[in-house]
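Structure record follows, encoded as structure tokens.
Residue numbers begin at 1 in each chain, while the letters A, B, ... track the order of the sequences.
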Amino acid sequence: MSRIPRIGRRVALAALLLAATVSSPQRARAAVTSDPQPILVSRQLAEAARLSAGEIVTLSADPKGAGGRTFRVVGIYEPTPDPMRLTARRLEARLHLPDLLSIVADPSDPLSADSVSSINVALRDPGDADRFLRDLAARMPGLYAGKTHDSRNGSGPFVAIERFHLAISLVTVLGSTAFLLALMVIRADERRETVGILRLLGFSRRRVLSEVLLEGLFIAVSGAVFGVLFAVATEGAVNRLFQWRYDTALVFVRVTPAIAARCVAVAAPLGVLAGVLASWTVLRSDIVALLRR
Amino acid sequence: MSSIAFAWRGLARQPARALLGIAGIVAVGALLFDMLLLSRGLLLSFRDLLRETGFDVRVTARPDPISAGPQIAGVASLLDALRALPEVRGAVPVRFGKVEASSPADRVHGAFLVGSEAADRTWTLLEGPGLLEGNAAVLVNRNLASRLRLTPGSRIRLRGISSRGVEAIPETVFRVAGIVSSPFDSADALTAITTLAGFRRACGETRGDVADLVLVASTPDSGAAAAVAAIRRVRPDLNAYSNDQMLERFERTDFAYFRQISRLLSTITLSFAFLLVATLLTVSVNQRFAELAALRALGFARSRVVGILLCESLLLVGIGAALSLPAGALLANRLDTILRSMPGLPERLHFFVFEPRSVAMHLALLASTGLLAALYPAYLAFRLPIAATLRRETVS
């Protein structure tokens, strides 16, 4: 008889569909029922319990392993990344519902073999969701039903995290603007004489201003584009770091065209403004003042 | 004149540049300070909440103190065993459940019901006598009182919601004995607290000897660790955790994300501060070659010139760092408000918690960054050839 691994005593059957903690697996002999039912195990569980496809495992709802049933692992899957369960170890298995109920049902409770945690519903017309929920509430009071995605909900955790990152971005932009202004002031100071000579040659204030504006725009847009490219180049590294840390396939950082456009749209006017502000005294000064040393 | 006085004059001669440099340092310094507060803020705040309950050990039947799991059976004998331990000052069993609560004003589905003994004073009384006696008294939190328009002495109806399916649990009437605040209530939590007998009555239960959790207070002489060890000796089938162990678990899992974000952002802000100071000083040195060469020609040693530049950097960073502390405090307040708006978090949990070591670390990091940033411009000044520089400046 082949060796049959048994999941350690810390695996609760409720964890089969939820995150669970698993101690090191204990391999022990167990009776193999004929034609054990197929199950899938998550990649994380397969790694933790050193399972592979084809192996026979015993699953039990009892921490001591009593009343277990044997199953055959027919595949290993990557669980859908769930940001709400980021820190949970995805030690999961997927069974046919009757098999799960046969393990977790309480023999003293006649309803337990006919009870489930939740039911996923796919509507023919997703636009009917609100009407469906109303009808359901009217027919089954006490039953909770909700949409999987409610765009009107502005209070979720990700909304808070988005606002948090936006606030940090704004502070970073403030610091960057001060930095840019300082450099533009230095640059304007260095070019006082150059501007004076240009004015002497007949360049109008308007022409000098347009040069300053274009220069500020060019520096800001170039810097923003460089920043976006740098972010794109490093997003892979950041994602790999967090994916390794949390053992997940979740993507943490993604630079989208909308984000890139927003960065350039914020940087461009700031750059122009910084250029104009820094060059203001130079633009307002007369030629003699500019050329006087 | 000392190097610092020279450095001050150098900055004062270019006020716009110096002020903008300081403004940049204030912005990044504020962000750095906030990230240092965030790195341990959740941990410190949660530790304070745990301490506030007055219990420092938790006993459960599940291996993970956080997740749901089996109940503890034989609670009466367990309590006797725990209370007999010299390391234990007190032990209180706790039940958790959900109820439908109603009053003449409104009906609420899914309010949180806690059943415990009168010795469990993990809550703070806000109004009313707060005496939980028998099986017909209940304490409610401010949200539930407001929603159902309850005051001490009001009647509230509770019907337990079974987790196993639709069951016809009868509605029971309770008297509101007080309005309380619980440290772990979220901003929108609807919570009611009653005795164990009241809990069984509300939830229609007949099994009286179970608990979801037993809270244990250790004696001051022995401490939580000794209490945990003693509990594990008498009941090796159960799991006992001290507050410190709970915190360690949270730090490894749920709080780890914010700690890592804070490290990442701290690194970025320090890099930014380095770039800012290094660029400003380098450009400043490039513009002042003639001045520096003249100082060298007058007899200033290389080390003194380098010292002046280092002092300039420290002045920029020092003033910026000092101003960034109040700016960071204001920003932390705002960021804390944003993060605490996440649903389900205890209302009194904070992400940004002040501790003196954060200030020390903030100042040390910025000072090191300022010194590092000044190295290259200092090197330029150190290597400056006096005669060639003076000649070039004179000819140009």
Has A:F158 got more than 12 heavy atoms of other residues, nucleotides or ligands less than 6.0 Å from its CZ?
yes
If you count the non-hydrogen atoms of other residues, nucleotides and ligands that lie under 6.0 Å from CD1 in A:I119, is the total more than 12?
no
Atom CZ of B:R334: over 12 foreign heavy atoms under 6.0 Å:
no
Using a 4.5 Å cut-off on heavy atoms from C-beta on, say whether the side chain of A:R163 contacts that of B:T337.
no
Do other residues, nucleotides or ligands put more than 12 heavy atoms under 6.0 Å from the CG atom of B:D237?
yes
For the residue pair A:F164 and B:F352, does the interplanar ring angle fall in the parallel (under 30°), tilted (30 to 60°) or perpendicular (over 60°) class?
tilted
A:F242 versus chain B, heavy atoms under 4.5 Å apart: side chain, backbone, both or neither?
side chain
Contacting moiety of B:I268, where chain A heavy atoms sit under 4.5 Å:
neither
For B:L265, is it the side chain, the backbone, both or neither that has a heavy atom under 4.5 Å from a heavy atom of chain A?
side chain
Nearest 0.5 Å, please: how far is CD1 in A:I168 from CG in B:L38?
7.5 Å
Determine whether the aromatic ring centres of B:F272 and A:F179 lie less than 6.0 Å apart.
yes
Counting heavy-atom pairs under 4.5 Å with chain A, the top scorer among B:I338, B:D34, B:L264, B:L280 is B:I338
At a 4.5 Å cut-off on heavy atoms, which part of A:R245 comes close to chain B: side chain, backbone, both, or neither?
side chain
Minimal non-hydrogen separation, A:V171 against B:A27, with atom names
CG1-O, 3.7 Å
In terms of heavy-atom pairs under 4.5 Å, which option from A:V238, A:V185, A:L181, A:D189 contacts chain B the most?
A:L181
B:E171 atom CD: more than 12 heavy-atom contacts under 6.0 Å:
yes
Would you mind checking which part of A:S176 comes under 4.5 Å of any heavy atom in chain B, side chain (CB onward), backbone (N, CA, C, O), both or neither?
both
For the CZ atom on A:R192, are there more than 12 heavy atoms of other groups (residues, nucleotides or ligands in this structure) within a distance under 6.0 Å?
yes
Over all heavy atoms of both residues, which pair between A:A160 and B:M342 is shortest? Give the atoms and the distance, please.
CB-CG, 3.3 Å
Go through it in stages, so that I can follow the logic: the residues are A:M184 and B:L20, the test is side-chain contact (heavy atoms from CB on, under 4.5 Å), and I'd like the CA-CA distance, side-chain angles, deciding distance and then a yes or no.
CA-CA 10 Å; A:M184 297 297 261; B:L20 287 169; over 6 Å; no
Residues of residues 270-279 of chain A near chain B, each having a heavy atom less than 4.5 Å away:
none
